[in-house]
Amino acid sequence: MYKKVGIVALFILLVNIAFSNYLGADASGVKGGKLTLILTTAPQTFNWFNAGIGDSSIIGHLLGRGGRLAEYNELEKRYYPGVAESWKGPRLTKDGGMEIIFYLRKGVRWSDGRPFNADDVVFTFNNVILNPKFPNRVQDQLKTSNGLLPEVKKIDDYTVRIFYKDIYRPAFDAVVRVYILPKHIWEPQMRTKKISEIWDVSAISKGELVGLGPFIPVEYVPEQYIRLVRNPYYWKVDKNGNQLPYLDEIIYKIVPNYEAGKLVFLSGGADVFAPRSGDVVTIKEKDDFIVYKQGPTQSIQYLAFNFNAKDPVKRDWFRNIHFRKAIAYTINKQAIINVVYQGFGVEQNSVVAFMSPFFNENVVEKYNYNIEKAKSELKLGGFRFGKDGILYDSKGNRVEFILITDSSDTFREQICTILINEWRKLGINAKLAVVDRNLVSKFLEQTGDWEAVVSGLMAFEEPQLSAHIWRSDGTKHFWNFSPKIAKWINEKDYVKFDFEEQIDKILEQNVLTLDDGIAKNYWFLFQRIVSENLPVIPLVSSIKFLAWHQKVKNIRPGELDSFNWCIDRIYIDEPKNKVKGGKSNEG
């Protein structure tokens with residue numbers, strides 16, 4: 001059963017709901033100790049709005065866990081109170097709109113000791129996230145089908161009203177995911193800096209980082225480590241009245257890649273690690289380790305082509321649906337699962353997350369591996385095969401392009417190698433460029449200097465929260481950015497496709513219904529349209545594993561945020577009796 005508040009809240013939360021508990025209220029543990037973790041991408045920023053994958057965990061410790069209006073229990077699949085101790089709504093208003101009233105906790109303080117109140121919440125929304133001069137992904141997630149943003153108003157020091165003029169089904173989900181920012185820190189900086197310039201990596205040495213989360217970054221030695229210490233004013237206490245978090249500090253060791261991280265973990269230099277399937281057996285054979293099988297990753301691993309490639313010849317190829325379908329037929333997903341993931345993988349055919357109640361693989365068009373069908377599609381697309389075995393377009397141009405992927409994921413590099421070898425069977429010459437993860441993001445989102453990419457998309461249980469990716473004018477619609485978003489794209493060269501118009505309408509209309517059955521039909525149609533037009537081509541999802549030393553207690557692996565969602569309850573307890581051989585949840 002789907003339990004997310006964002007879907008059913010309008011039916012069940014029409015009266016005031018008061019809560020006496022929060023995530024961690026029932027915890028017990030031992031105070032003190034240090035947790036050492038692995039980071040394969042060095043931090044580039046502490047600004048939530050600019051954050052990449054390498055920054056998100058650290059920013060989450062600073063602002064996220066304990067710093068949102070409500071928090072999501074990844075095991076129970078429901079929300080608990082955060083810095084809002086209760087709320088009313090979402091509920092319909094007499095004028096046809098919707099509102100949520102949040103009642104904030106009293107006595108909560110920022111990590112520098114300053115009091116937290118409604119001014120911080122209102123500032124975060126009105127001055128930063130909803131700022132018309134600062135388009136951002138969170139703004140996209142909060143936007144209604146008519147392009148309207150919520151009105152956020154302070155009722156008193158501990159009461160905030162969120163009002164929508166339209167019905168917006170995912171309102172609760174979108175609002176409570178927001179990281180609340182310290183007004184007393186950000187407001188002065190906004191007078192002299194752009195929002196995107198606040199809290200760059202130098203902020204840690206300047207002592208500017210202030211949050212409501214359990215840990216505060218205090219030291220960063222590039223290419224070596226980043227250190228976070230306990231927030232002395234963190235508001236949560238456990239069931240015995242002891243202040244959380246239990247840990248004194250967290251150390252992130254910065255390593256160049258997965259293999260380096262694995263060596264650090266196996267040698268005892270780190271306490272928690274996310275092993276790949278091929279390394280699980282080795283870790284289970286070691287003393288003192290626990291291995292947990294989490295299930296398929298929830299991100300969408302994909303192959304995509306740049307519809308706005310700088311080369312107009314290649315641009316035409318990538319916009320050609322027959323070319324994209326031909327490429328889809330060359331992807332041997334089972335071979336990728338067997339060779340790359342040693343059998344620990346699942347085929348992805350939909351761009352909606354497996355965990356979502358809107359996921360439906362039965363409605364999508366599938367492209368089972370078939371080189372002959374790939375050749376037929378290429379011919380339909382106007383391509384021809386030369387006597388030399390090389391593929392040419394209708395104008396005699398040889399088909400060749402550069403495929404990029406990030407250096408931190410050797411699995412993706414292997415996938416790219418398999419893809420390129422298959423494309424050779426069609427006479428396609430593709431060259432692989434493995435680059436830094438942050439450089440991939442720069443190419444896709446800031447410069448447009450790319451042709452093809454294998455990477456991953458963040459996925460949510462509520463797919464509307466990915467609207468900034470799928471909307472034709474979305475801030476992350478990287479394969480076919482609108483010139484309104486990407487200034488490097490010439491408006492004369494830009495093409496908005498019919499299927500993008502269809503997707504825009506789905507994103508507009510699905511949020512206007514309070515009936516999940518109707519909403520599901522919209523998302524089933526969305527999945528079918530994407531599968532028929534392939535703006536991105538889903539690949540394979542690996543099976544996730546998490547490993548940790550037995551001395552690390554209270555770890556509760558979740559689907560979305562691994563173990564970080566419970567970081568404030570984790571503690572260190574050196575085992576008195578060692579267990580020979582690693583434990584596992586696989587028997």
Item to check | side chain to side chain donor-acceptor pair (under 3.5 Å) assessment of Asp238 paired with Ser28 | outcome: CA-CA 6 Å; Asp238 68 9; Ser28 62; over 6 Å; no
Next on the checklist: Students often mix this up, so state it plainly: with edges at 30° and 60°, are the rings of His477 and Trp479 parallel, tilted or perpendicular?
Outcome noted: tilted
Checklist entry - Between Lys262 and Asp279, is there a salt bridge with N-O shorter than 4.0 Å? => result yes
Checklist entry - Looking at side-chain heavy atoms only, is the closest gap between Phe354 and Thr297 below 4.5 Å? => result no
Item to check | Interatomic distance, Ile226 atom CD1 to Leu37 atom CG [nearest 0.5 angstrom] | outcome: 11.5 Å
Next on the checklist: Check Arg412 with Asp406, please: is the shortest side-chain N to carboxylate O separation under 4.0 Å?
Outcome noted: yes
Checklist entry - Side-chain donor-acceptor pair under 3.5 Å between Glu451 and Asn306, yes or no? => result no
Checklist entry - With sequence neighbours left out, which residue pairs that include part of residues 522-534 fulfil the salt bridge (Lys or Arg N to Asp or Glu O under 4.0 Å) condition? => result Arg528-Glu532
Checklist entry - Parallel, tilted or perpendicular for Phe46 and Tyr220, by the 30°/60° rule? => result perpendicular
Checklist entry - Picking from Pro296, Ser299, Ser541, what satisfies side-chain contact (heavy atoms from CB on, under 4.5 Å) with Gln348? => result Ser541
Next on the checklist: Given 3.5 Å as the limit, does a donor-acceptor pair link the side chain of Lys253 with the main chain of Gly269, or not?
Outcome noted: yes
Item to check | Whether Glu259 side chain and Thr410 backbone form a donor-acceptor pair below 3.5 Å | outcome: no
Item to check | Heavy-atom check, side chain of Ile420 versus side chain of Trp423, under 4.5 Å | outcome: yes
Item to check | Face-on cation placement of Arg68 at Tyr179 ring, 6.0 Å and 45° thresholds | outcome: no
Checklist entry - Is it true that Asp504 and Arg471 have a side-chain N and a carboxylate O under 4.0 angstrom from each other? => result no
Checklist entry - Looking at side-chain heavy atoms only, is the closest gap between Trp523 and Phe359 below 4.5 Å? => result no
Checklist entry - Does the side chain of Lys476 reach to within under 4.5 Å of the side chain of Glu445, using non-hydrogen atoms? => result yes
Item to check | Value rounded to 0.5 Å, distance of CG in Asn257 from CZ in Arg437 | outcome: 11.0 Å
Next on the checklist: If I take atom CH2 from residue Trp470 and atom CZ from residue Phe526, how far apart are they, to the nearest 0.5 angstrom?
Outcome noted: 4.5 Å
Checklist entry - Mind checking whether Leu534 and Tyr367 have side chains closer than 4.5 Å, heavy atoms only? => result yes
Next on the checklist: If we check side-chain contact (heavy atoms from CB on, under 4.5 Å) with Glu422, which of these qualifies: Ile371, Ile327, Ile331?
Outcome noted: Ile371
Checklist entry - Should the pair Phe344 and Phe545 be assigned to parallel (<30°), tilted (30 to 60°) or perpendicular (>60°) ring geometry? => result perpendicular
Checklist entry - What's the verdict on ring pair (Phe, Tyr, Trp, His ring centres under 6.0 Å) for Phe497 and Phe307, showing C-alpha distance, side-chain angles and the deciding distance? => result CA-CA 10 Å; Phe497 292 86; Phe307 289 14; 5.5 Å; yes
Checklist entry - What distance separates Asn349 CG from Ile537 CD1, expressed to the nearest 0.5 Å? => result 11.5 Å
Next on the checklist: Any donor-acceptor pair under 3.5 Å linking the side-chain atoms of Tyr80 with those of Glu76?
Outcome noted: yes
Checklist entry - Between Glu461 and Tyr72, do the side chains contain an N or O donor and an N or O acceptor separated by less than 3.5 Å? => result yes
Next on the checklist: Nearest 0.5 angstrom please: Phe563 CZ to Ile567 CD1, how far?
Outcome noted: 5.0 Å
Checklist entry - Yes or no on side chain to side chain donor-acceptor pair (under 3.5 Å) for Asn480 and Glu500, after CA distance, side-chain angles and deciding distance? => result CA-CA 10 Å; Asn480 195 26; Glu500 291 182 298; 3.0 Å; yes
Item to check | Arg276 charged N/C atom sitting above Tyr258 aromatic ring, 6.0 Å / 45° | outcome: yes
Next on the checklist: Between Phe273 and Phe289, is the ring pair (Phe, Tyr, Trp, His ring centres under 6.0 Å) condition met? List the steps.
Outcome noted: CA-CA 10 Å; Phe273 185 62; Phe289 290 120; 9.7 Å; no
Next on the checklist: Between His322 and Leu378, is the side chain to side chain contact (heavy atoms under 4.5 Å, CB included) condition met? List the steps.
Outcome noted: CA-CA 6 Å; His322 295 292; Leu378 288 170; over 6 Å; no
Next on the checklist: Under a 3.5 Å cutoff, is there a donor and acceptor pairing between the side chains of Lys373 and Asn368?
Outcome noted: no
Next on the checklist: We want to know whether Asn338 and Gln334 form a side-chain donor-acceptor pair, criterion being a heavy-atom distance below 3.5 angstrom.
Outcome noted: yes
Checklist entry - Within the side chain of Ser267, is there an N or O that forms a donor-acceptor pair under 3.5 Å with the backbone of Leu263? => result yes
Next on the checklist: Between Phe215 and Tyr234, is the ring centroid distance below 6.0 Å?
Outcome noted: no
Checklist entry - Can you tell me if Gln342 uses its side chain to pair, donor with acceptor, with the backbone of Gly278 under 3.5 Å? => result yes
Item to check | Atom NZ of Lys431 with >12 non-hydrogen neighbours under 6.0 angstrom | outcome: no
Item to check | Test item: side-chain donor near acceptor, Glu361 and Ser350, under 3.5 Å | outcome: no
Item to check | Criterion ring pair (Phe, Tyr, Trp, His ring centres under 6.0 Å) on Phe358 and Tyr522, from CA distance to verdict | outcome: CA-CA 9 Å; Phe358 301 109; Tyr522 278 115; over 10 Å; no
Item to check | Any donor-acceptor N/O pair, Lys551 side chain to Asp271 backbone, under 3.5 Å | outcome: no
Checklist entry - Looking only at atom types and distance, does a side-chain atom of Arg137 sit under 3.5 Å from a main-chain N or O of Phe49, one as donor and one as acceptor? => result yes
Item to check | Flag side-chain contact, heavy atom, 4.5 Å: Phe499 against Ile321 | outcome: no
Checklist entry - Distance from Ile216 atom CD1 to Arg227 atom CZ, nearest 0.5 Å? => result 12.5 Å
Next on the checklist: Measuring only between side-chain heavy atoms, which start at C-beta, is Leu228 closer than 4.5 Å to Tyr252?
Outcome noted: yes
Item to check | Under 3.5 Å: donor-acceptor pair, side chain of Gln301, backbone of Ser455 | outcome: no
Item to check | Check: Gln44 side chain, Ala42 main-chain N or O, donor-acceptor pair, under 3.5 Å | outcome: yes
Item to check | Verdict with supporting geometry, Ile418 and Val340, side chain to side chain contact (heavy atoms under 4.5 Å, CB included) | outcome: CA-CA 9 Å; Ile418 291 174; Val340 179; 3.7 Å; yes
Next on the checklist: If the test is ring-ring contact (aromatic ring centres under 6.0 Å, His included), which one of Phe401, Trp317, Trp450 qualifies with Phe305?
Outcome noted: Phe401
Item to check | Contact check, side chains of Ile404 and Phe443, non-hydrogen atoms, under 4.5 Å | outcome: yes
Next on the checklist: If we count only N and O atoms by modelled type, under 3.5 Å, do the side chains of Asn510 and Arg169 hold a donor and an acceptor together?
Outcome noted: yes
Checklist entry - Who are the salt bridge (charged side-chain N to carboxylate O under 4.0 Å, His left out) partners of Glu372, not counting sequence neighbours? => result Lys375
Item to check | Non-neighbouring partners of Tyr302 that pass ring pair (Phe, Tyr, Trp, His ring centres under 6.0 Å), sequence neighbours left out | outcome: Phe478
Item to check | Enclosure of Lys366 NZ (heavy-atom neighbours >12, cutoff 6.0 Å) | outcome: yes
Checklist entry - Is Arg65 salt-bridged to Asp568, going by a charged N under 4.0 Å from an acidic O? => result no
